[in-house]
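Below is one structure, written out as C-alpha cells, with a few remarks after it.
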Amino acid sequence: QVQLVESGGGLVQAGDSLRLSCAASGGTFSTYAMGWFRQAPGKEREFVAAISRSVGITDYKDSVKGRFFISRNNAKNTVYLQMNGLKPEDTAVYYCAARRSATIAAMKNDYDYWGQGIQITVSS
C-alpha cells in the first residue's frame with residue numbers, strides 16, 4: 001500500500017510560481033509511474049501531468065504545456081510539479097497519484113493510489 005502526501009500549496013497571485021511536492025511511502029517508488037491531477041469546484045478531476053517511472057517520459061494537459069513541469073527524485077521518493085505563470089483557471093485541488101506501471105497514463109482510472117489533495121488558489 002502506497003501513501004502519498006502532497007505539500008506546497010497555497011494562495012498566490014496570477015503570474016506567480018509554485019512547486020508542489022508529493023512524498024511517497026509504503027512502496028517501491030521507482031516502480032510507479034506518477035501523475036498529477038486537479039479538480040476545480042463543480043468539475044471533474046482532470047489530468048495535469050504524468051511521468052514514467054525511470055526514463056523520465058512526460059505528458060501534459062495542453063493548457064499547462066510550457067508552464068508546468070513534472071519531475072521526480074527516486075532517491076527521495078518524491079514527485080514534483082513546478083507551476084509557472086499561474087492563472088486563475090489553475091485554481092483547484094491538486095492530487096498526486098501513483099500507477100503500478102512503467103508507462104504513463106492520463107486517465108484517472110489508470111491510477112492505483114491517490115494523495116489527499118492540496119488546494120491551489122490563484123487570484124487575479
Side-chain angles (χ1 to χ4, degrees):
Q1 185 77 11
V2 175
Q3 291 81 46
L4 303 171
V5 179
E6 301 95 340
S7 62
L11 172 63
V12 296
Q13 293 187 334
D16 284 352
S17 296
L18 206 58
R19 188 177 81 157
L20 298 182
S21 299
C22 172
S25 61
T28 305
F29 181 72
S30 60
T31 65
Y32 293 88
M34 300 297 296
W36 286 97
F37 289 73
R38 67 187 183 188
Q39 187 167 16
K43 295 188 177 181
E44 293 287 322
R45 191 172 299 188
E46 64 177 9
F47 169 75
V48 175
I51 187 166
S52 61
R53 66 185 184 188
S54 60
V55 296
I57 296 171
T58 58
D59 189 22
Y60 297 92
K61 176 181 173 62
D62 284 346
S63 64
V64 307
K65 285 180 181 177
R67 297 190 299 123
F68 290 13
F69 300 93
I70 187 172
S71 61
R72 66 189 295 161
N73 185 328
N74 286 345
K76 294 185 176 181
N77 292 349
T78 302
V79 62
Y80 305 97
L81 185 67
Q82 177 67 42
M83 303 183 290
N84 301 324
L86 283 161
K87 304 176 181 180
E89 51 263 43
D90 294 319
T91 295
V93 176
Y94 283 70
Y95 296 89
C96 171
R99 166 174 158 81
R100 288 192 301 259
S101 173
T103 59
I104 57 177
M107 302 296 290
K108 57 182 182 292
N109 290 342
D110 289 329
Y111 287 80
D112 303 292
Y113 304 101
W114 292 84
Q116 80 286 354
I118 193 163
Q119 179 70 46
I120 303 295
T121 302
V122 185
S123 63
S124 58

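Just so it is clear, the model here is predicted, and its values are computed rather than measured.
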For this session: Drop me the distance from I118's CD1 to R38's CZ, to the nearest 0.5 angstrom.
Result: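 CZ of R38 is found 15.0 Å from CD1 of I118.
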
Does the [X] side chain pair with the main chain of [Y], one donor and one acceptor, at a distance under 3.5 Å?
X: E6; Y: Q116; value: yes
X: Q82; Y: R19; value: no
X: Y60; Y: I70; value: yes
X: D110; Y: A105; value: no
X: R72; Y: F29; value: yes
X: S71; Y: V79; value: no
X: N74; Y: R53; value: yes
X: T78; Y: A23; value: no

Problem set entry | Residues S63 and R67: side-chain donor-acceptor under 3.5 angstrom |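 No - no donor-acceptor pair under 3.5 Å links their side chains.
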
Mind listing the closest non-hydrogen atom pair of [X] and [Y] along with its distance?
X: A50; Y: Y111; answer: CB-OH, 3.5 Å
X: G8; Y: L18; answer: O-CG, 3.4 Å
X: V2; Y: A24; answer: CG1-CB, 4.4 Å
X: G85; Y: S17; answer: N-OG, 4.2 Å

Exercise. Under 6.0 Å from the CD atom of E89, do we count more than 12 heavy atoms belonging to anything else shown?
Worked result: yes

Exercise. Parallel, tilted or perpendicular for F68 and Y94, by the 30°/60° rule?
Worked result: tilted

With a 4.5 Å cut-off on side-chain heavy atoms, are [Y] and [X] touching?
X: L11; Y: Q119; answer: no
X: C96; Y: W36; answer: yes
X: M83; Y: V12; answer: no
X: D112; Y: Y32; answer: no
X: I120; Y: D90; answer: no

Problem set entry | Short N-O contact, D62 and K65, less than 4.0 angstrom | yes

Exercise. Going only through I, L, V, M, F, W and Y residues with side-chain contacts under 4.5 Å, is there a path from F37 to M34?
Worked result: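 Result: no, two separate clusters.
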
Exercise. Is there a path of hydrophobic side-chain contacts, each under 4.5 Å between heavy atoms of I, L, V, M, F, W or Y residues, that connects V93 with V48?
Worked result: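 Unlinked, V93 and V48 end up in two clusters.
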
